[in-house]
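Working notes, beginning with the structure itself.
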There are 2 protein chains.
Amino acid sequence: MKFSKATNYALHTMLFLAVVPPNKLIGVQQLAERQEVSPTYLSKILTKLVKAGMIESTSGANGGYRLKRNWEEISFLDIIHAIEGNASLFECDLNHGQDCMIQKIMVTAEEKMEDYLRNQKISELAKKMTAVL
Amino acid sequence: MKFSKATNYALHTMLFLAVVPPNKLIGVQQLAERQEVSPTYLSKILTKLVKAGMIESTSGANGGYRLKRNWEEISFLDIIHAIEGNASLFECDLNHGQDCMIQKIMVTAEEKMEDYLRNQKISELAKKMTAVL
DNA sequence: CAATCAAAGACTTTATTTGCCCATGATAAC
DNA sequence: GTTATCATGGGCAAATAAAGTCTTTGATTG
Ligand code: SF4
Ligand code: SF4
């Protein structure tokens with residue numbers, strides 16, 4: 001029960017892209033260096049973000065990644081789901097019907113966390129961070 | 001990022017012990033059968049609960065497990081922490097100081113979930129379940 | 001066409017979880 | 001006291017998941 005490193009990398013990447021000059025293309029190498037992770041591994045994570053429609057990529061020389069138009073609305077939860085999937089944190093094999101109280105409690109607990117993360121937009125965090133500089 | 005099966009087993013066991021006649025000793029075999037898990041594995045989980053002070057065990061013939069005196073106060077969160085540990089769900093290698101906004105958001109999110117789970121006592125859930133019978 | 005860069009698939013390594021086996025120790029019944 | 005029962009503990013094996021590597025392909029720039 002831990003967030004994966006992949007999620008960590010995705011959050012940092014998104015935040016970095018949100019702070020950098022808009023529409024500027026950033027290569028995977030530069031992103032990987034900052035986070036001390038191998039470019040090939042980070043590449044896979046970035047591809048997930050592309051498929052989730054959060055960033056777009058440009059191949060070829062001077063290519064790289066940048067945020068998509070709707071990026072202001074992207075939340076922490078969006079990023080986490082893009083990497084970790086949408087499955088529930090709690091699952092049981094013997095499914096005794098939908099009115100199981102244990103499941104209800106566990107699912108509700110997860111939703112408490114998700115409700116908060118859904119309201120944390122990277123755009124707002126980026127604003128706060130640039131204000132500090 | 002998922003709750004382990006061990007946590008699942010622990011929750012079910014605690015709830016079962018809360019529904020059963022008080023002070024009655026239940027052996028690991030009976031607990032394991034209900035949950036379709038091997039007794040040997042469940043045994044290790046139960047030992048964790050014993051060490052966490054939530055249940056007590058009696059060796060020898062007719063031995064088994066039962067809840068401890070303060071069991072009415074035990075919450076879902078207590079059980080989860082007993083099994084999964086107390087470490088934060090989000091951790092980064094490069095620790096850039098305690099005022100990192102990413103960490104703050106992730107830790108706060110986790111606390112939202114924990115706040116809810118802390119208020120879900122197994123005693124109250126047991127009450128509701130016996131009311132249904 | 002040559003250099004650069006993302007995408008994708010196959011693969012290896014590492015870590016964690018889950019589960020089993022067996023020896024040990026405690027307790028009750030006989 | 002001997003035997004049956006039951007928890008505890010260590011070590012080990014299998015299964016699963018996470019993390020990371022390598023290599024090929026294909027797109028774009030210049
Ligand atoms: S009691 Fe609820 S959580 Fe447990 S196995 Fe049945 S449905 Fe799943
Ligand atoms: S920015 Fe925050 S979360 Fe990221 S590595 Fe630094 S301290 Fe950790």
Side-chain angles (χ1 to χ4, degrees), chain A residues 1-13 17 24-33 35-68 80 82-85 87 89-94, chain B residues 1-13 17 24-33 35-68 80 82-85 87 89-94:
Chain A
M1 182 63 172
K2 243 182 191 348
F3 287 104
S4 68
K5 288 193 180 184
T7 294
N8 190 314
Y9 297 144
L11 288 172
H12 282 78
T13 298
L17 292 179
K24 171 151 194 223
L25 288 169
I26 312 285
V28 70
Q29 284 190 32
Q30 189 179 346
L31 291 166
E33 277 173 20
Q35 307 186 44
E36 298 183 13
V37 58
S38 81
T40 45
Y41 185 42
L42 185 59
S43 168
K44 309 205 137 183
I45 297 166
L46 295 182
T47 300
K48 279 194 181 180
L49 295 177
V50 170
K51 288 189 175 166
M54 296 179 181
I55 59 178
E56 59 187 0
S57 64
T58 310
S59 287
N62 300 323
Y65 300 90
R66 67 182 161 198
L67 297 173
K68 290 194 83 170
I80 292 170
I83 304 300
E84 309 240 0
L89 296 188
F90 181 86
E91 272 166 8
C92 61
D93 321 314
L94 304 74
Chain B
M1 183 62 170
K2 240 180 193 357
F3 286 103
S4 68
K5 288 192 177 185
T7 294
N8 190 314
Y9 297 143
L11 288 172
H12 282 78
T13 298
L17 291 178
K24 171 150 195 224
L25 289 170
I26 312 286
V28 70
Q29 286 189 33
Q30 189 179 346
L31 291 166
E33 277 173 20
Q35 308 187 42
E36 297 182 15
V37 58
S38 80
T40 45
Y41 185 42
L42 185 59
S43 167
K44 309 211 138 180
I45 297 168
L46 295 182
T47 299
K48 278 194 182 181
L49 295 177
V50 170
K51 288 190 175 163
M54 295 179 181
I55 59 179
E56 59 187 1
S57 64
T58 309
S59 288
N62 300 321
Y65 299 89
R66 67 181 161 199
L67 298 172
K68 290 194 84 173
I80 292 169
I83 303 300
E84 309 240 357
L89 296 188
F90 180 86
E91 272 165 11
C92 62
D93 320 315
L94 305 74

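These numbers come from the heavy atoms of this one structure, side chains and all, not from hydrogens, waters or symmetry mates. A, B, ... follow the sequence lines: proteins, then strands. Residue 1 opens every chain.
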(request) Begin with the C-alpha distance, continue with both residues' side-chain angles, and end with the deciding distance and a verdict on side-chain contact (heavy atoms from CB on, under 4.5 Å) for Glu36(B) and Asp93(A). (result) CA-CA 9 Å; Glu36(B) 297 182 15; Asp93(A) 321 314; over 6 Å; no
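Using a 4.0 Å heavy-atom distance criterion, Lys2(A) is classed as making no nucleic acid contact.
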For residues 43-51 of chain B, which side-chain donor-acceptor pairs fall under 3.5 Å, sequence neighbours excluded?
residue, atom, partner, partner atom, Å
Thr47(B), OG1, Ser43(B), O, 2.9
Lys48(B), NZ, Ile83(B), O, 3.4

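Minimum heavy-atom separation, Glu84(B) to Ser4(B): OE2-N, 3.0 Å. When every heavy atom of Asn8(B) is checked against every heavy atom of Cys92(A), the shortest pair comes out as ND2-CB, 3.5 Å.
Here the CE atom belonging to Met1(B) is positioned 9.5 Å from the NZ atom belonging to Lys2(A), to the nearest 0.5 angstrom. Atom NZ of Lys68(B) is separated from atom CG of Leu17(B) by 14.0 Å, given to the nearest 0.5 angstrom. Here the CD-CG distance, from Gln35(B) to Leu42(B), works out to 6.0 Å after rounding to the nearest 0.5 Å.
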Between the protein and nucleotides 23-30 of chain C, list every N/O to N/O distance that falls short of 3.5 Å.
residue, atom, partner, partner atom, Å
dT27(C), O2, Ala61(B), N, 3.3

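Taking the side-chain hydrogen bond (donor to acceptor under 3.5 Å, both in side chains) definition, one finds that Ser59(B) meets it with nothing, sequence neighbours left out. Taking Glu56(A) as the reference, Arg66(A), Arg69(A) meet the side-chain hydrogen bond (donor to acceptor under 3.5 Å, both in side chains) condition, with sequence neighbours excluded.
Between the P atom of dA6(C) and the CD atom of Gln29(A) lies a distance of 8 Å, rounded to the nearest Å. Atom CG of Leu42(B) is separated from atom P of dC21(C) by 16 Å (rounded to the nearest Å).
Protein chain A touches strand DNA chain D; the 5'-most and 3'-most nucleotides with an atom under 4.0 angstrom of its non-hydrogen atoms are dA19(D) to dG30(D).
In this pair, Phe90(B) and His12(A) present their aromatic rings parallel. The plane angle is below 30°, not in the 30 to 60° band.
Distances shown here put a side-chain N or O of Ser57(A) below 4.0 Å from the OP1 or OP2 atom of dA7(C).
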The contact string for nucleotides 10-20 of chain C, one letter per nucleotide 5' to 3', using protein heavy atoms under 4.0 Å with B, S and - for base, sugar-phosphate only and none, comes out as B-------SBB
